[in-house]
Amino acid sequence: MTCIQKDSGQLNYFKYGGGDNILLAFHGFGQNNEVFKDWVKNVGHKYTIYSFDLFYHGISQRKNEKLSKDEWKSYLESFLEQEKVNSFSILGFSLGGRFAIASALALPERTKEITLIAPDGVFLTIWFKLATNPSIKWIFKYVMLQPNLLEKLMVFNDKYRIVSPYLGDFVRKELGGHANRKRVYISWNNFKSLGYSKKQLSKLFQEQTFERRIILGSRDHIIKPEKILPIIQTMGAFKVVVLPLKHHQLIKPEVAKLILNPSPK
């Protein structure tokens with residue numbers, strides 16, 4: 001494990017594989033750099049994977065304040081200098097998609113390719129909007145820090161099916177402890193500033209020349225293909241792959257093979 005140390009925090013990363021090509025990999029919420037460890041058996045011969053612990057995950061630490069695009073670019077540039085990396089590909093899963101997009105647009109001239117897997121940062125879910133809206137985010141925070149209330153809401157949902165059973169199970173799993181509930185609130189609010197509007201994404205991606213790919217799951221109830229593909233279609237020539245998988249299944253090592261070979265548009 002290696003890190004980038006700054007006054008605002010510490011960004012940790014681990015190096016996997018030994019291929020000639022460099023891949024910067026960003027995991028999803030509640031995960032850490034180890035989710036990409038098993039990818040080595042499928043892509044380690046082609047890529048050296050630098051897998052990061054996002055802030056507030058793994059052992060990466062940071063002040064509880066908004067992460068600006070300029071600050072993130074500073075961390076990224078420090079990493080590239082430390083590892084003597086000139087050009088790279090980028091991959092982001094779920095929450096990591098927000099970091100992947102911010103990284104590619106921070107240094108587009110050094111980015112060779114970006115792969116987004118069920119990414120946050122393109123289509124904003126209702127949960128993200130509730131958690132980060134200045135007028136009502138206090139309600140979300142209150143619910144997150146009241147486990148009994150959250151469970152009552154999930155029981156209510158089980159009865160009336162306001163959201164899908166799968167999404168209800170996902171909430172129970174990912175928000176099952178106080179630390180996770182606190183982390184989702186802090187992460188979403190502090191990482192919101194890395195995002196772009198739909199119009200900005202369309203304009204900025206159209207201006208770039210790096211290759212781009214998106215991998216989605218037809219059984220994903222978190223990042224639904226029908227919600228995100230209309231936006232992706234305005235962002236240049238993305239290679240689109242839709243697999244019969246749920247959200248967290250999309251990070252399986254088998255999916256790694258898709259970044260080795262051309263995929264259909």
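When each of Asp120, Ile186, Leu67 is checked for a side-chain contact (heavy atoms from CB on, under 4.5 Å) with Phe191, only Leu67 meets the rule.
Salt-bridge annotation for Arg62 and Glu71: present, with a side-chain N of the basic residue lying under 4.0 Å from a carboxylate O of the acidic one. Salt-bridge check for Asp220 with Lys246: failed, with every basic side-chain N at 4.0 Å or more from each acidic carboxylate O. Between Arg213 and Glu113, at least one side-chain N (NZ, or NE/NH1/NH2) sits under 4.0 Å from a carboxylate O, which counts as a salt bridge.
Taking the ring centre of Phe14 as origin, the terminal cationic atom of Lys37 falls outside the region bounded by 6.0 Å and 45° from the ring axis. A cation-pi arrangement, defined by a distance under 6.0 Å to the six-membered ring centre and an angle within 45 degrees of its axis, is absent between Lys198 and Phe123. Relative to the ring axis of Tyr185, Arg183 does not place its NZ or CZ within 45° and under 6.0 Å from the centre.
Heavy-atom neighbours of Lys227 NZ from other residues, nucleotides or ligands within 6.0 Å: at or below the threshold of 12.
Closest approach of Thr2 to Glu83, counting heavy atoms only: CG2-OE2, 4.4 Å. Scanning both residues, Thr234 and Ser202, for their nearest heavy atoms gives O-OG, 2.8 Å.
A salt bridge (charged side-chain N to carboxylate O under 4.0 Å, His left out) check over residues 200-211, counting only residues at least two apart or in different chains, returns the pairs Lys203-Glu207, Glu211-Lys239.
Relative orientation of the Trp72 and Phe26 rings is perpendicular, given thresholds of 30° and 60° on the angle between their planes. A tilted orientation is assigned to the rings of Phe93 and His247, their planes being inclined by 30° to 60°.
For His27 and His57, the ring centers are positioned less than 6.0 Å apart.
Between Phe99 and Ile90, the closest side-chain pair of non-hydrogen atoms is not below 4.5 Å.
Residues forming a ring pair (Phe, Tyr, Trp, His ring centres under 6.0 Å) with Tyr47 (at least two apart in sequence, or on another chain): none.
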